[in-house]
Amino acid sequence: MPIVNILVTREGTTPGADRTTDEQKAAVYKGIADLLFDVMDKPHEETIVVFHEHGIADLGQGGLPLRDYRASRA
């Protein structure tokens, strides 16, 4: 049974959105299940996808809080 963890920031994918919509998550679940079926012949009903959303304050990159890292790269 495949178990796939998806980790994303809580920022939405459209300007002003603060999280991923239920519709976007559903598309991710389907896309992952389809990919695992197409590539590895894993049945859709056996595929579990866990979607984790985190605020950027909970993440770091390059030894810095994510917000600071992004600001240094801008």
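None of these values were measured; they are calculated from a predicted model. For the single chain, residues carry numbers from 1 onward in sequence order.
- Inter-residue side-chain proximity for Phe37 and His44 is flagged as met; some heavy-atom pair is nearer than 4.5 Å.
- Counting heavy atoms from C-beta outward, Ile6 and Tyr29 have side chains that stay 4.5 Å or more apart.
- Using a 4.5 Å cut-off on side-chain heavy atoms (C-beta onward), Leu66 and Thr9 make contact.
- The two residues Thr47 and Ala33 come nearest to each other via the heavy atoms CG2-CA, 4.2 Å.
- Side-chain atoms of Gln24 come within 3.5 Å of backbone atoms of Thr21 as a donor-acceptor pair (strictly under, hydrogens ignored).
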Query - Intermediate values then yes/no, side-chain contact (heavy atoms from CB on, under 4.5 Å), Val50 and His52 - result: CA-CA 6 Å; Val50 182; His52 303 271; 3.3 Å; yes

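- The shortest distance between side-chain heavy atoms of Val28 and Thr20 does not fall below 4.5 Å.
- In this structure, CD1 on Ile32 lies 14.5 Å from NZ on Lys42, to the nearest 0.5 angstrom.
- In the hydrophobic cluster analysis, where Ile, Leu, Val, Met, Phe, Trp and Tyr join through side-chain heavy atoms closer than 4.5 angstrom, Leu59 is grouped apart from Val8.
- A salt bridge links Arg19 to Glu53: one of the charged nitrogens lies within less than 4.0 Å of a carboxylate oxygen.
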Report task. Kindly indicate, with the supporting measurements, whether the criterion side-chain contact (heavy atoms from CB on, under 4.5 Å) is fulfilled by Arg70 and Leu64. Result -> CA-CA 9 Å; Arg70 288 180 175 176; Leu64 299 169; over 6 Å; no

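- The OG atom of Ser72 lies 9.0 Å from the CD atom of Gln61; values are rounded to the nearest 0.5 Å.
- Residues Glu11 and Asp18 have side chains not in contact (no heavy-atom distance under 4.5 Å, counting atoms from C-beta outward).
- Hydrophobic cluster membership is shared by Val49 and Leu36, with clusters built from Ile, Leu, Val, Met, Phe, Trp and Tyr side chains linked at under 4.5 angstrom.
- If you chain together hydrophobic residues whose side chains sit under 4.5 Å apart, Ile56 and Leu7 never meet in one group.
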